[in-house]
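Worksheet: one structure, shown below.
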2 protein chains.
Amino acid sequence: MKGLGELERSIMDILWAQSAALTAREVGRLIADRDLAPTTVMTVLDRLTRKGFLHRTRDGRAWRYAPAASRDAYVAELMLEALDMTGDRSAALTRFAQGVSGPEAEILRRALTELEDE
Amino acid sequence: MKGLGELERSIMDILWAQSAALTAREVGRLIADRDLAPTTVMTVLDRLTRKGFLHRTRDGRAWRYAPAASRDAYVAELMLEALDMTGDRSAALTRFAQGVSGPEAEILRRALTELEDE
DNA sequence: TGCGTGCTCGACAGGTCGTAGTACTACGCT
DNA sequence: AGCGTAGTACTACGACCTGTCGAGCACGCA
């Protein structure tokens with residue numbers, strides 16, 4: 001899948017947090033703390049689109065960008081990808097389970113139980 | 001944590017598969033399919049050591065390299081790191097659980113159950 | 001008809017990674 | 001005593017990624 005850079009992730013975070021598709025200008029405004037040139041934002045949005053993390057649709061002259069997938073889907077995919085790296089998936093999964101905090105273990109358990117029911 | 005490159009991963013794979021610590025020469029021999037210069041292998045081993053993925057100890061004039069952590073630990077850490085990226089860990093975990101294959105779900109369930117018992 | 005908005009292209013610097021040459025050192029065999 | 005060999009450290013370089021922009025082009029409104 002390929003990881004994201006610092007700025008790329010910031011921008012994805014903004015878009016993931018938003019329900020509507022945003023223009024480059026709007027993203028730039030929301031990321032104001034970094035005082036970036038507008039073209040910088042555009043370039044990164046472009047790259048993210050080319051990498052498949054965003055979809056864009058026309059809105060007049062401007063593009064509106066929206067995430068191609070939810071952040072959860074992305075995170076889950078990263079996790080599965082990491083898992084694919086090992087030969088012994090069972091050992092890695094066991095380790096992982098041990099590393100998850102108590103409440104999260106509970107969440108996982110529940111999710112797995114629901115799976116079972118289907 | 002930071003990901004590994006192609007060759008770096010190959011070398012880690014070799015060392016992870018080995019129970020004993022290896023010298024650069026030995027690693028080079030095991031990775032023979034790629035016909036690398038000995039210095040290439042040394043350089044990469046060096047970088048991996050500097051990044052904390054390997055430990056090395058003297059053996060005469062040579063160094064012996066061994067993984068600092070097991071592959072499973074590494075994979076589990078990658079997974080936890082991915083998980084840290086999200087705001088809604090519960091959603092990501094649920095997604096993840098759904099993405100895991102049946103037998104693996106079983107393994108996870110068992111690992112979580114054991115956790116519970118402790 | 002000119003400014004603002006937005007786009008596309010191209011660029012450059014800094015970092016990482018694959019790949020390797022060079023130069024220096026210590027050791028054993030002849 | 002001297003040479004070949006194994007091994008090290010240091011340096012390098014090109015490719016690619018990422019952050020960061022500037023230049024230049026297009027379009028619509030005042």
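Computed over heavy atoms, backbone and side chain alike; hydrogens, waters and symmetry mates excluded. Given the structure is predicted, the values throughout are model-derived calculations rather than measurements. Naming convention: chains lettered A, B, ... in sequence-line order (proteins, then strands); numbering from 1 in each chain.
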B/E8 side chain, from C-beta outward: closest of C/dC17, C/dT8, C/dT19: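 The answer is C/dC17, which lies nearest to the side chain.
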Closest listed nucleotide, where the reference is the side chain of A/R58 and the choices are C/dC9, C/dT19, C/dC7: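 In terms of side-chain proximity for A/R58, the closest of C/dC9, C/dT19, C/dC7 is C/dC7.
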Partner residues of [X] under the salt bridge (Lys or Arg N to Asp or Glu O under 4.0 Å) criterion, sequence neighbours left out:
X: A/D59; value: A/R64
X: B/R50; value: B/D46
X: B/R110; value: B/E106

Interface limits on DNA chain D, where chain A has a heavy atom under 4.0 Å of a nucleotide atom: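 Under 4.0 Å from chain A, the extent on DNA chain D is D/dT18 to D/dC27.
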Residues two or more places apart in sequence or in another chain: which of them pass ring-ring contact (aromatic ring centres under 6.0 Å, His included) with [X]?
X: B/Y74; result: B/W16, B/F53
X: B/W63; result: none
X: A/Y65; result: none

Stretch residues 73-86 of chain B: residues that reach within less than 4.0 Å of DNA chain C through a heavy atom: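 Close to the strand, none.
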Pairwise salt bridge (charged side-chain N to carboxylate O under 4.0 Å, His left out) hits with a residue in residues 11-21 of chain B, at least two apart: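 Pairs touching residues 11-21 of chain B that pass the test: B/D13-B/R71.
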Spacing of A/D46 atom CG relative to C/dG10 atom C1', expressed in whole Å: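 Rounded to the whole Å, the gap is 13 Å.
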Sugar-phosphate only, base, or nothing, as touched by B/G3 at under 4.0 Å among non-hydrogen atoms: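 Answer is sugar-phosphate: B/G3 comes under 4.0 Å of backbone atoms only.
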Sugar-phosphate only, base, or nothing, as touched by A/L36 at under 4.0 Å among non-hydrogen atoms: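 Sugar-phosphate, no base atom in range.
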Side chain to side chain donor-acceptor pair (under 3.5 Å) against A/R89, all qualifying residues, sequence neighbours excluded: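 A/R89: side chain to side chain donor-acceptor pair (under 3.5 Å) contacts with A/D84, B/E104.
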Partner set under side chain to side chain donor-acceptor pair (under 3.5 Å) for A/E81, not counting sequence neighbours: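 Listed in chain order: nothing, the list is empty.
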Check: C/dT8 base within 3.5 Å donor-acceptor of A/R56 side chain: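 Side chain to base: no pair present.
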B/K51 side chain near C/dC17 phosphate (N/O to OP1/OP2, under 4.0 Å):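 It does, given that an N or O in the side chain of B/K51 lies less than 4.0 Å from OP1 or OP2 of C/dC17.
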Pairing of A/E8 and A/K51 as salt bridge, 4.0 angstrom limit: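 Yes, this pair counts.
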DNA chain D-proximal residues of residues 9-27 of chain B, any heavy atom under 4.0 Å: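 Residues of residues 9-27 of chain B that come under 4.0 Å of DNA chain D are, in numerical order, B/R25.
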Which residue lies more 5' along DNA chain C, comparing A/T39 with A/R61 via nearest heavy atoms: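 Result of the comparison: A/R61.
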Position toward the 5' end of DNA chain C (nearest nucleotide), A/R64 or A/R47: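 Of the two residues, A/R64 wins.
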